[in-house]
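This is a predicted model, so every value here is computed, not measured. Counting begins at 1 with the first residue of the sequence.
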Amino acid sequence: MSATAKAGLPDPRRWKALVFISLAQLMVVLDSTIVNIALPSAQHDLGISDANKQWVITAYALAFGGLLLFGGRIADLWGRKRTFVTGLTGFALASAIGGVAGNEAMLLGSRAAQGAFGALLAPAALSLLAVTFTDAKERAKAFGVFGAIAGGGGAVGLLLGGVLTEYLNWRWTFFANIPFAVIAALGAYFVIREPAEGRNRSPLDIPGVVLSTLGLVSLVYGFTRAETAGWSAASTIGLFVAAVVLLAAFGLVESKVRTPLLPMRVVTDRNRGGTYLSLGLAIIGLFGVFLFLTYYLQVVQGYSAIRTGFAFLPMVTAFVVGSTQIGARLVNRLPARALMAPGFALAAVAMLLLTRLGVGSSYPGVILPGLVLLGLGMGTAFMPAMSLATTGVQPRDAGVASAMVNTSQQVGGAIGTALLNTIAASATTGYLATHAAGAGGAKLLQARSLVHGYTHAIWWAVAIEAVAALIALTFVTAGRPSTVRVASSTDTDATSEPDQASVPVVLH
């Protein structure tokens with residue numbers, strides 16, 4: 001351990017570390033959307049059937065969502081830096097295999113491997129941030145940057161995917177990850193210094209690993225199946241039943257074993273539990289709007305992939321402003337809920353504006369205001385939410401607490417895509433059944449029915465964002481942080497099981 005760490009002083013290289021942690025996070029977030037744009041080209045080149053094309057997305061989502069808690073525990077056990085570099089290396093290799101894939105199996109295998117290594121990388125990145133920045137003001141700035149990337153990077157992925165696919169080819173959506181991973185891994189190796197006392201060397205909870213992984217995979221896949229097979233399909237119902245049984249068994253096991261994969265103290269804390277729940281709900285609405293606006297701009301308005309990506313840039317800019325200039329500046333002056341609740345409420349207002357979409361709606365008049373308000377609201381809320389989700393946890397729990405943040409986002413994204421898409425499809429079908437083609441003919445009727453479906457689903461997103469705001473307002477009771485530091489081994493014995501009252505966080 002360095003003399004600086006022993007003296008309890010901040011790591012002088014912490015801001016350089018933030019650069020490489022943020023770069024890795026950007027790579028993971030970009031990959032959640034960049035491949036979507038390239039999927040039609042990849043499907044054509046590799047002869048992937050329509051029935052199997054969803055697995056290019058699903059293989060990644062299942063591996064990533066199912067292994068997140070395991071990845072967070074591995075970070076606590078191995079050390080965050082080692083896990084971070086391992087995740088980056090594996091992600092780069094999986095991306096290279098995807099880029100050179102010559103058949104369907106090779107591509108799907110690479111996507112599953114990306115998800116698995118992403119499940120190592122994502123919790124390690126956030127927990128490194130949590131244990132590196134312990135001063136309240138610096139932590140606010142660092143989480144402002146990280147929150148902006150976590151929330152806005154998906155829209156950037158749409159733009160980058162369109163550019164790479166149109167001007168190069170779909171394989172470059174995989175190859176683009178490699179320089180990100182190499183630079184971040186080298187930077188992490190030489191710059192990041194992790195507090196050695198923060199590791200959790202307790203034996204791995206194997207039953208917890210198996211039950212949580214199978215339960216989360218069943219849950220995520222259940223929503224994926226609902227989107228394609230319908231909510232009443234036997235396979236969909238079976239997956240949801242399995243998810244409930246497995247996750248209930250997981251909770252029971254975790255309350256009994258001595259060294260649980262997910263210590264109950266992490267999620268039963270009122271502030272963290274409220275943060276995980278409100279953040280997951282907010283992501284449901286955000287992913288739904290991403291989905292419908294992408295369809296609306298390309299299918300109804302006839303935008304190209306690149307133009308669609310550029311259309312989302314104002315939202316990304318607003319997200320960065322909300323996270324770094326509003327959230328980060330006010331988080332030490334106001335309670336977290338005074339930023340989270342209004343932020344989610346502003347996102348609901350933005351979505352309310354987007355319910356006015358029509359077949360010929362103006363981008364500057366209707367879409368742009370909604371996107372800007374959505375970015376400002378979500379950016380303002382994301383920053384304190386991501387910081388609060390890891391504030392007050394002991395260093396040995398930082399990895400699994402960070403994994404819970406990613407799990408709420410991943411499950412929220414799966415729910416948002418499947419639930420809102422199903423609602424939109426049903427509304428579209430109903431509109432077609434009750435309206436006859438008018439003067440504009442069948443093509444105009446089809447466009448109107450699609451827009452009706454999108455706006456109907458966006459109304460649901462409005463309600464979901466409103467519920468997220470209400471949960472943040474009522475559950476998150478933490479006051480304004482004047483000093484925040486992460487507990488170290490000098491505060492509590494590494495083998496003890498202290499409650500939250502023993503965590504040295506001062507709140508006013």
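Smallest separation of non-hydrogen atoms from A318 and V372: CB-O, 3.3 Å. In plain terms, the two heavy atoms of S110 and I97 that are nearest each other are CB-CG2, 4.0 Å. M315 and L374 get closest at one heavy-atom pair: SD-CD2, 3.9 Å. Considering all non-hydrogen atoms of both residues, A328 and V331 come closest at O-CG1, 3.7 Å. Nearest heavy-atom pair across A96 and F175 is O-CE2, 3.9 Å. Between A101 and R171, the closest heavy-atom pair is O-NH1, 2.8 Å.
The CG atom of L388 lies 6.5 Å from the CE atom of M340; values are rounded to the nearest 0.5 Å. The distance from atom OG of S235 to atom CZ of R225, rounded to the nearest 0.5 Å, is 4.0 Å. Separation of atoms CD1 (I178) and CG (L88) is listed at 12.5 Å; rounding is to 0.5 Å. Atom CH2 of W460 and atom CG of L420 lie 9.0 Å apart (nearest 0.5 Å). Considering OG of S362 and CG of L368, their distance stands at 9.0 Å, rounded to 0.5 Å. We find the CG-CD1 distance between L286 and I464 to be 11.5 Å, quoted to the nearest 0.5 Å.
Looking only at distances, no side-chain donor or acceptor of E104 sits under 3.5 Å from a matching main-chain atom of I48. At distances below 3.5 Å, at least one donor-acceptor pair connects side-chain atoms of K81 with backbone N or O atoms of Y189. In this structure a side-chain-to-backbone donor-acceptor pair under 3.5 Å is missing from T213 to V210. At distances below 3.5 Å, not a single donor-acceptor pair connects side-chain atoms of Y276 with backbone N or O atoms of V267. One N or O on the side chain of E254 and one on the backbone of L261 form a donor-acceptor pair closer than 3.5 Å. Looking at T236, its side chain never comes within 3.5 Å of a backbone N or O of S232 through a donor-acceptor pair. The backbone N or O of S361 sits less than 3.5 Å from a side-chain atom of Q301, completing a donor-acceptor pair. With hydrogens and angles disregarded, no donor-acceptor distance shorter than 3.5 Å links the side chain of S278 to the backbone of A472. Counting only distance, with no hydrogens or angles, the side chain of R111 and the backbone of A59 share no donor-acceptor pair below 3.5 Å. Using modelled atom types, no side-chain atom of S323 and backbone atom of F319 make a donor-acceptor pair closer than 3.5 Å.
Considering only heavy atoms from C-beta on, F70 stays 4.5 Å or farther from S212 through its side chain. At a threshold of 4.5 Å between non-hydrogen side-chain atoms, the residues L293 and F312 count as touching. In this structure the side chain of F117 never reaches within 4.5 angstrom of the side chain of V28, judged on heavy atoms. Two residues are said to be in side-chain contact when any heavy atoms from C-beta on lie closer than 4.5 Å; I283 and S408 fail this criterion. At a threshold of 4.5 Å between non-hydrogen side-chain atoms, the residues V100 and M106 count as touching. Taking the side chain as every heavy atom from C-beta outward, L216 and L67 never approach each other to under 4.5 Å. Side-chain contact check for R14 versus L18: every heavy-atom pair is 4.5 Å or farther apart. Under the 4.5 Å side-chain criterion, counting only non-hydrogen atoms from C-beta, N103 is not in contact with L46.
Of the residues L262, L279, T275, the one that meets the side chain to side chain contact (heavy atoms under 4.5 Å, CB included) test with M404 is L262. Of the residues listed (L357, T355, L371), the one engaging V366 in a side chain to side chain contact (heavy atoms under 4.5 Å, CB included) is L357, and it is the only one.
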### Task
Run the numbers on I423 and H456 for side chain to side chain contact (heavy atoms under 4.5 Å, CB included), then give the verdict.
CA-CA 8 Å; I423 291 171; H456 185 77; 3.5 Å; yes
### Task
Decide side chain to side chain contact (heavy atoms under 4.5 Å, CB included) for Q446 and S449; before the verdict, give the C-alpha distance in whole Å, the side-chain angles of both, and the deciding distance to 0.1 Å.
CA-CA 5 Å; Q446 180 67 26; S449 65; 4.1 Å; yes
### Message
If you apply the rule side chain to side chain contact (heavy atoms under 4.5 Å, CB included), what do you find for Q114 with N177, and how did you get there?
### Response
CA-CA 10 Å; Q114 280 184 318; N177 291 322; 3.4 Å; yes
#### Entry: side chain to side chain contact (heavy atoms under 4.5 Å, CB included) evaluation trace for T455 with V451
CA-CA 6 Å; T455 55; V451 173; 4.2 Å; yes
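In this structure, R307 fails the cation-pi test against F310, since its NZ or CZ atom is not both closer than 6.0 Å to the six-membered ring centre and inside 45 degrees of the ring normal.
Ring-centre distance between Y454 and F292: below the 6.0 Å cut-off. Aromatic ring centres of F84 and F20 lie farther apart than the 6.0 Å criterion allows.
Surrounding CH2 of W172 are at most 12 heavy atoms belonging to other residues, nucleotides or ligands under 6.0 Å away.
Between W231 and F240, the ring planes are parallel. Angles under 30° get that label, and only those over 60° would be called perpendicular. Below 30°, between 30° and 60°, or above 60°: for F64 and Y60 the angle between ring planes is below 30°, a parallel geometry.
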